[in-house]
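The next block holds one structure in the form of structure tokens; read it before the comments.
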2 protein chains.
Amino acid sequence: MIPIIAIDLRNPKPIYEQIKDKIKQLIIFGALKPDEKLPSVRELAQTTSINPNTIQKAYKDLESDGFIYTVSGRGNFVAPSPKKADSKRLEELYATLRATVGELSYLGVPEKNITEVVQNTISNSRPQGGNKV
Amino acid sequence: MIPIIAIDLRNPKPIYEQIKDKIKQLIIFGALKPDEKLPSVRELAQTTSINPNTIQKAYKDLESDGFIYTVSGRGNFVAPSPKKADSKRLEELYATLRATVGELSYLGVPEKNITEVVQNTISNSRPQGGNKV
DNA sequence: TAAGTGTACTATGAATGTTAGTACACTTAT
DNA sequence: ATAAGTGTACTAACATTCATAGTACACTTA
């Protein structure tokens, strides 16, 4: 079962982006298991008090990004394995990584603190392929 | 002198955000030195073909974030040292770091590749306080 | 004085995000 | 077959944001 998805209406980030991000996190860090069913568009719309169209947009994006798959008439489910790494997306992620780490370092955060967070994050992310914990 | 700032009009990210990000990068990675003068609002507007109001908004944000300082009638200059780390901003950066590293790992990028980028980025970022290269 | 600088303000148009409502095809269980 | 639940598509309306255009004023420097 999916945990509560909290939406912050004061956050300037679009609601459908917030939903996408939260669900991605739940999948990446293993709170949602492969092939597990996600709440339906209408159900999640009701529990979050968000318009169904907005939920649908989030789900649609998640599907085209390969995080979930859709079966018409049945629902949305967690993709068992991530889509083949899109090189465009990878470049975006690397650019974000450099910008974020650069700013943290610039602000005086010691290298040790940064690498520690990186290590822990990798350890906690969902194992893929032959990766074992 | 500031390098060329390229704006991608097809990028959905707002222009003033793109400008902010580029200048931040130039400061963080040392291409712009402390107290170096930035191009004036009107000058940068002309070289980029962007409206002066948009440039002004980017500069204003950069100043309130502590990356540059403004002297009325003279211009904008690179801040000699970063503002005291705003804890709210730090939390945002850590959240972004976790999300980015998590997704990279989930997509199958080996830990080695990720940590390598992190190390290189820290090495190349502008040294602060007592940090030596 | 003149040129260059930051700043403030109003107005306008375009794009985006969100909601509302309706409708239809599909799947499952009764 | 029927009903309930599912994804999906579409139009319409509204609010907000982004970007531009134009004008004006105070400041600094030569």
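Letters A, B, ... mirror the listed sequences (proteins, then strands); counts begin at 1. Only a predicted model underlies this, so the values are computations on that prediction, with no experimental measurement involved.
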To the nearest angstrom, how far is [X] atom [atom1] from [N] atom [atom2]?
X        : N       : atom1 : atom2 : value
Tyr59(B) : dA8(C)  : OH    : P     : 16 Å
Leu44(A) : dG5(D)  : CG    : C1'   : 15 Å
Glu63(A) : dT6(D)  : CD    : C1'   : 14 Å
Lys20(A) : dG17(C) : NZ    : P     : 10 Å
Gln56(B) : dA26(D) : CD    : C1'   : 14 Å
Gln46(A) : dT6(D)  : CD    : P     : 10 Å
Phe77(B) : dT28(D) : CZ    : P     : 12 Å
Ile55(A) : dT8(D)  : CD1   : C1'   : 15 Å

Using the side chain to side chain donor-acceptor pair (under 3.5 Å) criterion, which residues pair with [X]? Sequence neighbours excluded.
X        : value
Lys57(B) : none
Lys22(B) : none
Glu92(A) : Arg89(A)

Checklist line | Base-paired stems that DNA chain D participates in, counting runs of 3 or more Watson-Crick or G-U pairs under 3.5 Å | finding: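 Looking at DNA chain D, the stems formed by three or more consecutive pairs are C:1-30 with D:1-30.
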Note to self: Suppose the criterion is salt bridge (charged side-chain N to carboxylate O under 4.0 Å, His left out): which pairs have a residue in residues 58-75 of chain A, not counting sequence neighbours?
What the structure shows: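 Output for this query lists Lys20(A)-Asp61(A).
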Could you tell me which residues satisfy side-chain contact (heavy atoms from CB on, under 4.5 Å) with [X], sequence neighbours excluded, listed by chain and number?
X         : answer
Asn51(B)  : Asn53(B), Thr54(B)
Gln18(B)  : Ile7(B), Asp8(B), Asn11(B), Lys13(B)
Glu111(A) : Thr115(A), Gln119(B), Ile122(B)

Next item on the list: For DNA chain C, find the residues of residues 67-75 of chain A with a heavy-atom distance under 4.0 Å and give them by number; none if there aren't any.
Entry: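 Per residue number, the list reads Ser72(A), Gly73(A), Arg74(A).
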Checklist line | Straight-line distance of Lys88(B) NZ to Leu90(B) CG, nearest 0.5 Å | finding: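 Between atom NZ of Lys88(B) and atom CG of Leu90(B) there are 11.5 Å.
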Checklist line | Short side-chain N/O contact to dT5(C) OP1/OP2 from Asn76(B), under 4.0 Å | finding: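 No, because none of the side-chain N or O atoms of Asn76(B) sits under 4.0 Å from OP1 or OP2 of dT5(C).
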Next item on the list: Return the 5'-most residue of the pair Arg42(A), Ser40(B) with respect to DNA chain C, ranking by each residue's nearest nucleotide.
Entry: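 Per heavy-atom nearest nucleotide, the more 5' residue is Ser40(B).
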Margin query: List the residues meeting ring-ring contact (aromatic ring centres under 6.0 Å, His included) with Tyr16(A), not counting sequence neighbours, and say none if there are none.
Written below: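 With neighbours one apart ignored, the set is empty.
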Next item on the list: Please list, chain by chain and in numerical order, all residues satisfying ring-ring contact (aromatic ring centres under 6.0 Å, His included) with Phe77(A), sequence neighbours excluded.
Entry: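 Checked Phe77(A) against ring-ring contact (aromatic ring centres under 6.0 Å, His included); matches are Tyr69(A).
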Note to self: For a quick check, with a 4.0 angstrom heavy-atom cut-off, what is the B/S/- contact string for nucleotides 11-21 of chain D, read 5' to 3'?
What the structure shows: -------SSBB
Note to self: For Val109(B), is there any backbone N or O sitting under 3.5 Å from a side-chain donor or acceptor partner on Asn113(B)?
What the structure shows: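 No, the answer is negative, given that no donor and acceptor are paired below the 3.5 Å cut-off.
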